[in-house]
Every structure is written in C-alpha cells, then in structure tokens.
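Nothing here was measured: the structure is a model prediction, and the numbers come from that model. Atoms within each ligand, like the ligands themselves, are counted from 1 in listed order. All heavy atoms count here, side chains included; hydrogens, waters and symmetry mates do not. When a residue number appears, it is its place in the shown sequence, counting from 1.
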Amino acid sequence: MYDVIVIGSGPGGYVAAIRCAQLGMKTAIVEKYSTLGGTCLNVGCIPSKALLDSSEHYHNAAHTFKTHGINLSNLSADITQMISRKDDVVKQNVDGIQFLMKKNKIDVHQGLGSFVNATTVKVTKEDGSSSEIQGKNIIIATGSKPSTLPFIKLDKDRVITSTEALNLKEIPKHLVVIGGGVIGLELGSVYARLGAKVSVVEFMDSLIPTMDRTMGKELQKSLKKIGFEFYLKHKVTSVENTGKEVTVKADNGKGETVEINGDYVLVSIGRRPYTEGLNAEAAGVKLTERGQIEVNDHLQTNVPNIYAIGDVVKGAMLAHKAEEEGVFVAETLVGQKPHINYNLIPGVVYTWPEVAAVGYTEEQLKEQGRKYKTGKFPFLASGRARASMDTDGLVKVLADVETDEILGVHMIGPRTADMIAEAVVAMEFRASAEDVSRMSHAHPTYTEAFKEACLAATDNRALHV
Ligand SMILES: Cc1cc2nc3c(=O)[nH]c(=O)nc-3n(C[C@H](O)[C@H](O)[C@H](O)COP(=O)(O)OP(=O)(O)OC[C@H]3O[C@@H](n4cnc5c(N)ncnc54)[C@H](O)[C@@H]3O)c2cc1C
Ligand SMILES: NC(=O)c1ccc[n+]([C@@H]2O[C@H](COP(=O)([O-])OP(=O)(O)OC[C@H]3O[C@@H](n4cnc5c(N)ncnc54)[C@H](O)[C@@H]3O)[C@@H](O)[C@H]2O)c1
C-alpha cells in the first residue's frame with residue numbers, strides 16, 4: 001500500500017510526487033506515455049521554447065546581424081535540424097525527470113491509470129496487460145488536451161494542433177492560426193521568423209485578450225513587423241483541407257465572409273481538462289460541468305482521500321501553477337498549512353517582445369471600482385534596450401492611489417519573462433511602487449524599466465523620460 005499514488009507525470013504530477021517523497025511518504029507515479037514530464041516537457045513549454053530560440057537566432061541572423069556589423073551569406077533555415085535539436089532538448093528534460101524519480105525512490109508505473117475504487121488504481125499497459133496498486137491517498141494530475149470546434153476536423157496533417165506544429169517537416173508558406181492566444185502567437189512566431197506568412201483569426205477584439213489590453217495592442221504592432229496579419233473580431237465558420245491547401249472561412253462581424261487560404265491551419269483556441277480513461281466515477285469523484293475535476297480550496301475532491309491539481313482543475317493552465325499545487329497537496333497531506341496566492345501567479349507569452357504580467361489588469365481594477373494610478377516606462381528610453389536594438393514595448397505598473405501598493409505589473413519587451421519575477425517578489429511582500437523605486441537596479445539592465453515605471457507611478461517621477 002502506497003501512501004500516495006499520483007496519476008499523471010506532468011509538472012503537477014511529478015512535482016507532487018517529489019514533494020511527497022521528500023516528506024517521507026511512500027510514493028508511486030502512473031504515466032500512460034513512455035516518457036515522463038507530461039504536456040509541458042514533451043509537447044508544450046520546453047519544445048516550444050526550443051523552437052522559439054532557434055527561430056529567434058535565425059531571425060536575428062537574417063535581420064539584425066548586418067546592423068551589428070556581422071555579414072553572412074547563404075543563410076538558410078534547416079527545419080529538420082531545428083526539430084531534431086528540439087527533440088534532444090526534450091529528451092534531456094524527460095530523462096531528467098526519470099532520474100529525479102529514481103533519486104527520490106518514487107515507483108514509476110507506466111500505463112493508463114484508472115480508478116477501480118477510491119484507493120485502488122488499475123495500470124494498463126499498451127499491450128493490454130494490467131496490474132493494480134493501492135494508495136491511501138491519490139492525486140489526479142491528468143492535465144489537458146487541445147480543444148477544437150465542432151465543425152473542425154483535426155486531421156493532424158494540414159489542420160493541426162500545437163503538438164503537430166512542434167513537428168512540422170517543412171516551413172509553411174502561409175500558416176493560418178485560429179485563436180490569438182498564447183499558443184497561436186508563440187508557435188505563429190516560430191514560423192513567421194522562419195519566413196512564413198502567418199494569419200491569425202481571433203474571435204475577440206484583441207490579441208491575448210485575457211491579459212491587460214495594452215499588452216495585446218503593443219504585441220500586435222510588433223508582430224505585424226515580422227509578417228503577421230490579424231483578423232480580429234472574426235468568427236471562424238468553416239475549415240476545409242483540400243489536399244495541398246486549407247481554406248478557412250470566417251464571419252467578419254459585418255455579415256461578410258472572409259476566406260483565407262493557407263497550407264496549414266493551427267487550431268489554438270484553448271485546452272480542455274483531460275480525464276478520458278481515468279474512470280473517475282468508479283471512485284465517486286465528481287466533475288464540473290466543464291469537465292474539470294471538482295476540488296475545494298484544499299484541492300481535495302468530494303472523495304476525501306483523492307486530490308486533483310494542475311490543468312485538470314480550475315484556474316490558469318500553467319506549468320508553474322500546476323507545480324505549486326503539487327507542493328500544496330503534498331504538504332497538506334502531512335498536516336502542513338501551505339498557501340498559494342493565485343493572484344500572484346505570473347503569466348508569460350514567449351513572443352519577441354516577450355509579454356509578462358502579474359496581479360490585476362487595468363480592466364479588472366476598473367471593474368472592481370478600485371482607485372489606481374498608472375506608471376509607464378517605454379523600452380525606447382532604456383539604454384540597455386537601445387544597445388540590443390530591442391526598443392519595442394513598455395512596463396506598466398498599477399498601484400493603489402492611497403496606499404501606493406503595487407496591484408498589477410504588465411510588461412512587454414526584451415526578457416520580461418525573467419524580469420517579472422521581481423514584480424512577483426515585490427507584490428508577495430506587498431511592496432509599494434515607491435519601495436521598488438528606492439531600490440538600486442544595476443545599470444544598464446532591462447530591469448531599470450520596472451524601477452522607472454514604479455517611479456512614474458509613485459509621483460510621475462520617472463528619471464529617463
Ligand atoms: C504548446 C504549449 C506550450 C506551453 N507553454 C507553456 C509555458 O511556456 N509555460 C507554462 O507555464 N505553461 C505552458 N504550457 C501549459 C503547460 O504545458 C500545462 O499547464 C502543464 O503541462 C500542466 O501540467 P499538468 O501536470 O497539470 O498536466 P500535463 O502536463 O498535461 O500532464 C498530464 C500527464 O498525465 C498523463 N495522463 C493523463 N491521463 C492519464 C491516466 N489516466 N493515466 C496515466 N497517465 C495519464 C498524460 O499522459 C500527461 O503526461 C504550454 C502548453 C502547450 C500545449
Ligand atoms: N507561455 C505560456 O505560459 C503558455 C504557452 C502556451 C500555452 N499555454 C497554456 O495553454 C493553454 C492553451 O493555449 P491556447 O493558446 O490554446 O489558449 P488561450 O486561451 O491562450 O487562447 C485561445 C484564444 O482563442 C480565441 N478563441 C476562442 N474560440 C475561438 C474561435 N472560435 N475562433 C477564433 N478564436 C477563438 C480566444 O479568444 C483566445 O484568444 C492556455 O491556457 C495557456 O495558459 C501557456
């Protein structure tokens with residue numbers, strides 16, 4: 001009998017297993033695929049960032065090296081090599097998880113995990129053979145899969161999801177992207193940088209519409225420069241694979257149908273929780289109307305010894321959110337009192353410029369009727385950004401009018417994915433904009449833009465604009 005069985009080895013599941021083992025619990029993890037690491041390591045965060053890095057190098061070589069005084073001839077992009085390097089990066093990462101399981105003495109059971117009852121999990125291998133394991137506690141971490149629309153047939157050939165977009169054998173001539181969210185813009189960027197025309201059809205009136213609206217507007221301007229075209233407020237009505245081409249039709253909101261022809265269509269309209277084959281009903285575990293595992297504030301399901309974490313429960317579908325939840329459940333199981341501040345989980349879009357945010361958006365503050373002040377600092381005024389020719393974007397700080405407490409930080413610009421961590425720390429310690437603006441930031445760094453935006457929010461005291 002295990003103390004804990006974790007079902008699913010993504011960032012939620014494997015981190016939960018490690019923390020359980022660290023806390024002295026006898027732990028097993030069940031994963032249906034032959035490699036550990038889930039969506040994030042195999043077909044998500046890691047491979048997408050590997051291709052983003054390769055395509056960024058190519059784009060810089062093609063467009064900015066000359067200005068730096070570096071001349072190249074016969075530059076070409078070898079997509080096969082890029083994909084192969086990406087596969088190597090994935091392998092290093094998934095092997096790393098296997099090592100961590102061994103190091104922490106976690107038993108890995110490869111096969112589909114399905115409930116027999118609230119303490120028994122059946123593990124079925126691909127060849128049909130199965131075994132049963134028992135656990136006092138079970139953590140469901142089965143993640144998510146791409147969503148689609150009822151009239152779209154994902155043929156995985158020309159009508160594809162992120163998984164296929166990470167494994168293309170050629171650079172598309174014209175990639176049509178349905179959904180201007182994180183996946184569409186990140187993977188669209190990969191191929192736009194490699195020379196593809198990329199058309200994004202987005203249902204809302206802004207890109208990355210759940211983020212602060214300033215971010216979507218700025219990102220749209222930057223992505224246009226690298227060959228993106230946008231069809232905002234367009235509702236896709238049909239997608240047809242005609243063999244060598246794909247035709248996407250969309251309603252432009254004015255009663256007209258727009259037709260876009262490309263060679264691939266990436267469907268990136270969100271992801272859905274994944275519980276197929278889990279047989280949750282056998283344990284009596286309730287699902288929500290949206291197919292998520294229903295959990296309380298302790299991430300506990302309606303069955304007291306069964307917990308659920310990550311993409312399969314409510315909240316942002318982010319690897320680091322899943323990880324925090326994995327640690328939270330492990331610590332809860334040994335009687336600790338962990339805490340997650342969901343408002344301070346940062347969100348990042350790895351386009352160039354990168355977008356990164358934490359806390360409330362301006363739209364949310366308006367909706368709450370909260371009185372706030374705004375401080376902005378453009379990267380155009382940053383010496384560091386000028387040196388690297390990365391002057392697109394800005395940092396926007398929202399602070400409480402009376403207390404000066406930082407309520408939201410929204411950044412678009414170079415390396416903001418890394419810069420946002422400072423804002424998270426500041427907000428976890430409930431810093432005021434003035435607190436940050438009185439701290440020394442190394443010069444020249446991109447981080448000075450955050451300090452300057454805080455100065456601007458404090459009393460309109462930015463020094464370099
Ligand atoms: C293209 C792409 C890029 C992304 N980039 C980022 C990023 O940069 N940053 C970020 O924070 N997030 C990113 N994400 C989101 C991130 O991948 C997810 O939020 C994260 O993987 C969720 O972790 P999880 O542990 O909940 O589930 P998952 O990672 O989905 O893992 C679930 C695991 O459970 C297994 N499983 C499911 N059912 C069973 C069963 N019955 N038995 C056994 N095993 C089972 C699955 O095979 C899978 O391995 C990206 C996603 C995609 C698709
Ligand atoms: N950098 C990261 O952290 C990262 C990267 C990739 C994925 N992810 C996670 O994976 C999840 C899925 O990503 P995603 O990009 O598929 O989802 P998303 O929710 O980020 O974006 C989906 C977009 O599609 C639009 N949309 C929805 N229905 C539509 C329709 N019928 N026609 C046109 N547009 C439509 C939405 O308005 C939205 O802008 C996200 O929750 C995200 O958090 C994170």
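Nearest protein neighbour of atom 45 (C) of ligand 1, counting heavy atoms only, is K32 CG, 4.0 Å. For atom 18 (C) of ligand 1, the nearest non-hydrogen atom of the protein is D311 OD2, 3.3 Å. Given atom 25 (O) of ligand 1, the protein heavy atom at minimum distance is G12 N, 2.9 Å. With hydrogens left out, the protein atom closest to atom 30 (O) of ligand 1 is T39 OG1, 2.6 Å, a heavy atom. The nearest protein atom to atom 34 (O) of ligand 1, hydrogens excluded, is given as G8 CA, 3.2 Å; this is a heavy-atom distance.
Of all atoms in ligand 1, numbered sequentially from 1 with element shown, those under 4.0 Å from a heavy atom of V30 are 43 (C), 44 (N). Taking every heavy atom of I7 and a limit of under 4.0 angstrom, the matching atoms of ligand 1 come to 40 (C), 42 (N), 43 (C). Atoms of ligand 1 found under 4.0 Å from any heavy atom of S144 (numbered from 1 in listed order, with element): 30 (O). Heavy-atom proximity to G38, at under 4.0 Å, picks out these atoms of ligand 1: 29 (O), 31 (O), 48 (C), 49 (O). Of all the atoms in ligand 1, the ones that sit under 4.0 Å from a non-hydrogen atom of G113 are 40 (C), 41 (N), 42 (N), 43 (C).
Residues satisfying the salt bridge (Lys or Arg N to Asp or Glu O under 4.0 Å) test with E170, not counting sequence neighbours, are none. Residues meeting the side chain to side chain contact (heavy atoms under 4.5 Å, CB included) test with K366, sequence neighbours left out: E362, Y372.
For the pair I183 and ligand 1, a heavy-atom separation below 4.0 Å is found. Within the structure, ligand 1 has V43 among the residues with a heavy atom less than 4.0 angstrom away. Contact between G111 and ligand 1 is present, with at least one heavy atom of the residue lying under 4.0 Å from the ligand. A heavy-atom separation below 4.0 Å is not found between S114 and ligand 1. Look at K145 and you'll find every heavy atom at least 4.0 Å from all atoms of ligand 1.
A salt bridge is absent between D205 and K233: the closest approach of a Lys/Arg side-chain nitrogen to an acidic carboxylate oxygen does not fall below 4.0 angstrom. Ion pair E324/K321 not flagged as a salt bridge, since none of the NZ, NE, NH1 or NH2 atoms sits closer than 4.0 Å to an Asp/Glu carboxylate oxygen.
When heavy-atom distances to ligand 1 are checked against a 4.0 Å cut-off, C40 comes that close through both its backbone and its side chain. Residue contacts with ligand 1, taken as heavy atom pairs separated by less than 4.0 Å, involve R271 solely via side-chain atoms from C-beta onward. No part of L36 comes within 4.0 Å of ligand 1, judged by heavy-atom distances. When heavy-atom distances to ligand 1 are checked against a 4.0 Å cut-off, S162 comes that close only through its side chain, counted from C-beta outward. Contacts between P47 and ligand 1, counted as non-hydrogen atom pairs separated by less than 4.0 Å, are absent for every part of the residue.
Here atom 27 (O) of ligand 1 lies nearest to G143 when heavy atoms of G143, G347, G310, P273 are compared. Between the choices G326, A319, A280, S9, the shortest heavy-atom distance to atom 11 (O) of ligand 1 belongs to A319. One option in G37, C45, G44 has a heavy atom closer to atom 16 (C) of ligand 1 than any other, and that option is C45. Proximity annotation for atom 23 (O) of ligand 1: of P11, A316, G10, P11 comes nearest, heavy atoms only. Of the candidates V15, T142, V123, T163, the one placing a heavy atom closest to atom 38 (N) of ligand 1 is T142. The closest non-hydrogen atom to atom 8 (O) of ligand 1, taken over E323, K49, Q110, comes from K49.
For ligand 2, the 4.0 Å heavy-atom shell contains residues L149, I178, G179, G180, G181, V182, I183, E186, V201, E202, F203, M204, P209, S268, I269, G270, R271, M317, L318, V348, Y350.
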Steps toward salt bridge (Lys or Arg N to Asp or Glu O under 4.0 Å) verdict (E240, K249): CA-CA 9 Å; E240 199 192 344; K249 287 187 184 154; 5.6 Å; no
Steps toward side-chain hydrogen bond (donor to acceptor under 3.5 Å, both in side chains) verdict (H174, S199): CA-CA 8 Å; H174 185 185; S199 299; 2.6 Å; yes
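Considering backbone and side-chain N/O of M317, one or more are found under 3.5 Å from N/O of ligand 1. Of the N or O atoms in E31, one or more lie within a sub-3.5 Å distance of an N or O in ligand 1. Considering backbone and side-chain N/O atoms, Y350 never comes within less than 3.5 Å of an N/O atom of ligand 1. For a threshold of 3.5 Å applied to N or O pairs, the pair formed by L318 and ligand 1 contains at least one separation below that value.
By the 6.0 Å contact criterion, OH on Y446 is enclosed, its count of non-hydrogen atoms from other residues, nucleotides or ligands being greater than 12.
The nearest pair of heavy atoms linking W352 to L223 is O-CD2, 4.4 Å.
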Sequence neighbours left out, cut at 3.5 Å: what donor-acceptor pairs do the side chains of residues 12-20 make with other protein atoms?
| from | atom 1 | to | atom 2 | distance (Å) |
| --- | --- | --- | --- | --- |
| R19 | NE | E331 | OE2 | 2.8 |
| R19 | NH1 | Q22 | OE1 | 2.8 |
| R19 | NH2 | E331 | OE2 | 3.0 |

